Every structure is written in structure tokens, then in C-alpha cells.
A.B. asks: 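Quick one: the structure is below, and I'll ask about it shortly.
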Amino acid sequence: VTVSASSYSEDLARSTFTWKANGVVVKKGTGVSVISFKKTATIPVLTIGVSINLASGQTIEQSVDITNQNLDLIWEAVDAHTPPFYKGKAMPVTEGAVRFNPIFARGTMFGSAGNKNNIYTWSRSNDVVGSASGTGKDSFPIIMDYLLDKEQINVRAESITTNTVQETRVELIPQNIQVMFYSKINGFINWNKVISDGYTPTTSTQVVAVPYFITPKNLSNVSFKWDNGDSNYSNSQSIQITPQNGQSNYFSVSIENTKT
């Protein structure tokens with residue numbers, strides 16, 4: 001089995017990885033974004049966890065359970081904003097909306113019966129959510145709790161026709177909203193290059209702030225407040241930057257969701 005980590009906004013080659021299998025460190029190093037191993041049938045659940053120390057100083061932790069079962073639990077950050085052409089998966093953030101769905105392997109009793117013919121029992125932080133459980137209830141939406149450092153979701157599926165039961169869980173850690181800067185030329189954003197520290201434009205340039213994973217995805221309710229050292233600009237997603245005699249330009253932005 002091979003597990004890999006990828007990012008379209010962070011430089012993982014400069015990041016330090018710590019991989020664990022059932023809590024035991026099995027691999028560690030800079031740029032080690034892929035790990036391969038063999039899973040035996042004698043281990044019913046193998047939890048692979050990774051802690052990534054980014055070059056920016058931020059730490060990201062994720063884990064995945066690998067089981068012998070034919071049931072997986074997938075999730076989707078349904079209202080998280082990502083820009084056009086973003087190839088990754090939108091990450092969940094605190095107070096963001098996430099939907100969970102069970103997926104069965106083909107050819108199993110569950111897969112043949114269809115999701116709507118099964119009885120589902122959903123649990124959140126080990127507490128059964130009765131209102132979300134029942135026959136055919138194969139979707140579980142939540143709002144990420146700002147008081148929790150991670151969400152623990154469990155689903156128990158029982159086939160009506162065979163009385164077969166399978167169960168699986170997933171742990172979801174809320175991520176930080178990220179803001180990336182891009183240049184805008186002739187009305188078009190240059191998505192191919194992210195503006196980073198030490199930016200020194202040679203001509204007057206329009207810089208656009210693009211938030212990743214903010215909720216809701218409609219940016220009409222997002223307020224942008226800029227600071228370029230001399231002036232403050234509000235309620236605009238972009239700012240005009242002029243050359244500083246060969247020196248780097250300073251600018252920062254804070255964003256706020258004004259929708260309550």
C-alpha cells in the first residue's frame with residue numbers, strides 16, 4: 001500500500017514529514033511525501049498518520065485508517081471556496097460545512113443492495129446522532145465545531161437483506177484558511193505563479209488576494225483590508241503595487257466573512 005501527501009499551495013519538498021503507523025514513527029525526513037508498506041490480514045485496522053512541518057512554520061496533521069473492510073467513509077467540504085483550476089481537494093475549516101457519505105466495494109452484499117436499502121447509524125464524537133440515522137440515510141452533514149481540535153465521525157451500516165454489519169470511522173482536523181497572492185495582467189489573473197516574500201515588481205502591478213477554503217465559497221460576503229505600509233485599502237480583493245527602487249514591496253491583507 002502506498003500513501004502520499006500532496007499540496008498545490010505549499011512547497012512540500014522543503015517540509016519535514018513524520019509518518020506513523022498505529023502511533024509508531026516509521027519514517028521521517030525532509031520532502032518524504034510518500035510512504036509504502038505491506039499490510040497483513042492479522043492487523044484489522046492500520047492507522048497511518050503524518051505530521052508535516054511546513055517551511056512557513058505551520059504544522060499540518062492528517063491520518064487515515066486502512067482496514068480489511070469493504071466500507072469507506074468519504075467527506076466533502078461542500079461550501080469551501082477554491083479558485084478556478086484548483087486541482088486539489090477543498091479542506092475543511094472551523095465552522096465550515098462538511099458532508100460524509102459511505103462508499104461500499106463493488107460485489108459486496110452492501111454494494112449490490114444499494115445505499116438506500118441499508119440501515120445507517122451515525123455517531124459524532126462517540127455519540128449517536130439519532131436524527132441522522134435510519135434506513136437509507138447515507139449522508140451526514142455537519143458544521144465543524146470550533147470547540148474541537150478534530151471531528152470524529154463513525155458510521156455503522158447494516159444490510160437489510162443479509163443482516164451483515166460493517167463499521168468505519170474517520171477523523172477530520174480543521175485546517176487554516178490560506179491566502180495566496182497572484183498578479184493580474186490585462187484583467188486576467190496569472191494562476192501559474194504565486195507571489196511570495198521578496199516580491200520586487202519592475203512595473204506597476206495589480207496584486208490579487210485569493211482565499212482558499214473560506215466558507216462560504218461566495219466571496220461577495222468577504223471583506224478585504226489591505227496594508228502596504230503607507231495606506232490602507234478596504235473592500236477590494238486587489239491592490240496596485242508600484243516599484244520601490246529595486247526594493248521588495250511590503251503588503252498584507254486581512255479577510256473577514258461579513259455574513260452572519
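Computed from a predicted structure; not experimentally measured. Only heavy atoms go into these numbers, but all of them, side chains included; no hydrogens, no water, no symmetry mates.
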A.B. asks: Nearest 0.5 Å, what's the CD-OG1 distance between Glu151 and Thr94?
C.D. replies: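 Glu151 CD to Thr94 OG1: 9.5 Å, rounded to 0.5 Å.
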
A.B. asks: Using modelled atom types and a 3.5 Å cut-off, is there a donor and acceptor pairing between side-chain atoms of Asp11 and backbone atoms of Ala55?
C.D. replies: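 Pair absent, no side-chain N/O of Asp11 close to backbone of Ala55.
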
A.B. asks: Could you tell me which non-hydrogen atom of Val34 sits nearest to which non-hydrogen atom of Lys27, and how far apart they are?
C.D. replies: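 In terms of heavy atoms, the two residues are closest at O-NZ, 4.0 Å.
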
A.B. asks: Taking Thr215's backbone N and O only, do any of them form a donor-acceptor pair with Asp79's side chain (distance below 3.5 Å, no angle check)?
C.D. replies: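 No, Asp79 side chain to Thr215 backbone: no donor-acceptor pair under 3.5 Å.
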
A.B. asks: In this structure, would Trp19 and Ile173 fall into the same cluster of hydrophobic residues linked by side-chain contacts under 4.5 Å?
C.D. replies: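 No, separate clusters.
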
A.B. asks: Salt bridge between Glu171 and Arg169, side-chain N to carboxylate O under 4.0 Å?
C.D. replies: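 A salt bridge is present here (some side-chain N lies under 4.0 Å from a carboxylate O).
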
A.B. asks: Is the closest side-chain heavy-atom distance between Trp191 and Pro84 below 4.5 Å?
C.D. replies: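 Yes, close enough: below the 4.5 Å cut-off.
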
A.B. asks: From Glu10 CD over to Met180 CE, what is the distance, rounded to the nearest 0.5 angstrom?
C.D. replies: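 If I round to the nearest 0.5 Å, the distance is 6.5 Å.
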
A.B. asks: Should Val207 and Ile195 count as side-chain neighbours, where that means a heavy-atom distance under 4.5 Å?
C.D. replies: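 Result yes, sub-4.5 Å side-chain heavy-atom pair found.
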
A.B. asks: For residues Thr168 and Leu73, report the shortest heavy-atom separation together with the two atoms involved.
C.D. replies: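 Minimum heavy-atom separation between Thr168 and Leu73: CG2-CB, 3.9 Å.
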
A.B. asks: So, Lys225 side chain and Ser236 main chain: donor-acceptor pair closer than 3.5 Å or not?
C.D. replies: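 Side chain of Lys225 to backbone of Ser236, a donor-acceptor pair under 3.5 Å: no, none is there.
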
A.B. asks: Pick out which of Asp138, Asn118, Ile74 makes a side-chain contact (heavy atoms from CB on, under 4.5 Å) with Pro102.
C.D. replies: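 The option that passes is Asp138.
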
A.B. asks: With side chain to side chain contact (heavy atoms under 4.5 Å, CB included) as the criterion, how do Gln175 and Ile60 come out once you've worked through the C-alpha distance, each side chain's angles and the decisive distance to 0.1 Å?
C.D. replies: CA-CA 8 Å; Gln175 304 298 311; Ile60 297 176; 3.4 Å; yes

A.B. asks: Without swapping roles, check the side chain of Thr205 against the backbone of Thr203 for a donor-acceptor pair under 3.5 Å.
C.D. replies: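 The answer is yes, because a donor-acceptor pair under 3.5 Å joins these two groups.
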
A.B. asks: Check whether any side-chain heavy atom of Val50 sits under 4.5 Å from a side-chain heavy atom of Lys20, and report yes or no.
C.D. replies: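 Contact flag for Val50/Lys20 side chains = no.
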
A.B. asks: Kindly indicate whether the side chain of Asn176, heavy atoms from C-beta on, has any atom under 4.5 Å from the side chain of Val93.
C.D. replies: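 Sidechains of Val93 and Asn176: no contact.
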
A.B. asks: Once you round to the nearest 0.5 Å, how far does NZ of Lys137 lie from OH of Tyr120?
C.D. replies: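 So the gap between those two atoms works out to 13.0 Å.
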
A.B. asks: Hey, which of Val194, Val208, Asn190 is the one that makes side-chain contact (heavy atoms from CB on, under 4.5 Å) with Ser183?
C.D. replies: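 Of Val194, Val208, Asn190, side-chain contact (heavy atoms from CB on, under 4.5 Å) with Ser183 is met by Asn190 alone.
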
A.B. asks: I need the Ser15 OG to Gln58 CD distance, nearest 0.5 Å.
C.D. replies: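 One gets 10.0 Å once the value is rounded to the nearest 0.5 Å.
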
A.B. asks: Go through the structure and list residues passing ring pair (Phe, Tyr, Trp, His ring centres under 6.0 Å) with Phe140, not counting sequence neighbours.
C.D. replies: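 Phe140: ring pair (Phe, Tyr, Trp, His ring centres under 6.0 Å) contacts with Trp122.
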
A.B. asks: I would like to know whether Phe100 and Val98 meet side chain to side chain contact (heavy atoms under 4.5 Å, CB included); could you show each step before the answer?
C.D. replies: CA-CA 7 Å; Phe100 298 84; Val98 180; 3.8 Å; yes

A.B. asks: Evaluate side chain to side chain contact (heavy atoms under 4.5 Å, CB included) for Lys184 paired with Ser238, printing each intermediate quantity in order.
C.D. replies: CA-CA 9 Å; Lys184 193 172 186 178; Ser238 62; 5.6 Å; no

A.B. asks: To the closest 0.5 Å, what do you measure between OG1 (Thr59) and CG (Asn53)?
C.D. replies: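 Answer rounded to 0.5 Å: 4.0 Å.
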
A.B. asks: Under a single-linkage definition using a 4.5 Å side-chain heavy-atom cutoff for Ile, Leu, Val, Met, Phe, Trp and Tyr, are Leu148 and Ile142 assigned to the same hydrophobic cluster?
C.D. replies: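 Leu148 and Ile142: separate clusters.
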
A.B. asks: Can you name the nearest heavy-atom pair linking Pro211 to His81, along with the distance?
C.D. replies: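 Closest approach of Pro211 to His81, heavy atoms only: O-ND1, 2.9 Å.
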
A.B. asks: Any non-hydrogen side-chain atom of Leu172 less than 4.5 Å from a side-chain atom of Trp75?
C.D. replies: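 Yes; the side chains approach each other to less than 4.5 Å.
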
A.B. asks: Report yes if some heavy atom in the side chain of Ile177 is under 4.5 Å from a heavy atom in the side chain of Tyr212; otherwise report no.
C.D. replies: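 With C-beta onward as the side chain, the pair stays apart.
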
A.B. asks: State, to 0.1 Å, how close Lys193 and Tyr182 come at their nearest heavy-atom pair, and which atoms those are.
C.D. replies: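 What the structure gives for the nearest pair is O-CD2, 3.4 Å.
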
A.B. asks: Would Phe17 and Ser33 satisfy side chain to side chain contact (heavy atoms under 4.5 Å, CB included), going step by step from the backbone distance to the final call?
C.D. replies: CA-CA 7 Å; Phe17 290 75; Ser33 60; 3.7 Å; yes

A.B. asks: With a 4.5 Å heavy-atom cut-off, do Gln62 and Ile52 have their side chains touching?
C.D. replies: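 A side-chain contact is absent here, since even the closest heavy-atom pair is not under 4.5 Å.
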
A.B. asks: Honestly curious: do Ile119 and Val128 fall in one hydrophobic cluster under the side-chain, below-4.5 Å linking rule?
C.D. replies: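 Per the 4.5 Å side-chain linkage, Ile119 and Val128 are not co-clustered.
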
A.B. asks: Drop me the distance from Thr82's OG1 to Ile214's CD1, to the nearest 0.5 angstrom.
C.D. replies: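 Nearest 0.5 Å value for the OG1-CD1 distance: 12.5 Å.
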
A.B. asks: Does Ile143 share a hydrophobic cluster with Phe213, counting links as ILVMFWY side-chain heavy atoms below 4.5 Å and allowing steps through other members?
C.D. replies: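 Shared cluster, no.
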
A.B. asks: Would you check if Trp226 and Ser254 make a side-chain contact, meaning some heavy-atom pair closer than 4.5 Å?
C.D. replies: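 A side-chain contact is absent here, since even the closest heavy-atom pair is not under 4.5 Å.
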
A.B. asks: Applying side chain to side chain donor-acceptor pair (under 3.5 Å), name anything that partners Lys89, two or more places apart in sequence or on another chain.
C.D. replies: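 Lys89 satisfies side chain to side chain donor-acceptor pair (under 3.5 Å) with no residue once adjacent residues are dropped.
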
A.B. asks: Identify the two heavy atoms, one from Pro92 and one from Met144, that lie closest to each other, and give their separation to 0.1 Å.
C.D. replies: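 Taking Pro92 first and Met144 second, the nearest heavy atoms are CB-CE, 4.1 Å.
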
A.B. asks: According to a hydrophobic-cluster definition based on side-chain heavy atoms being under 4.5 Å apart (Ile, Leu, Val, Met, Phe, Trp, Tyr only), do Ile255 and Tyr146 belong together?
C.D. replies: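 Different hydrophobic clusters.
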
A.B. asks: Minimum heavy-atom separation for Leu54 to Leu12, with atom names?
C.D. replies: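 Smallest heavy-atom distance, with atoms named: CD2-CD2, 4.1 Å.
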
A.B. asks: Between Asp127 and Ser125, do the side chains contain a donor N or O and an acceptor N or O under 3.5 Å apart?
C.D. replies: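 Looking only at side-chain atoms, Asp127 and Ser125 do not form any donor-acceptor pair under 3.5 Å.
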
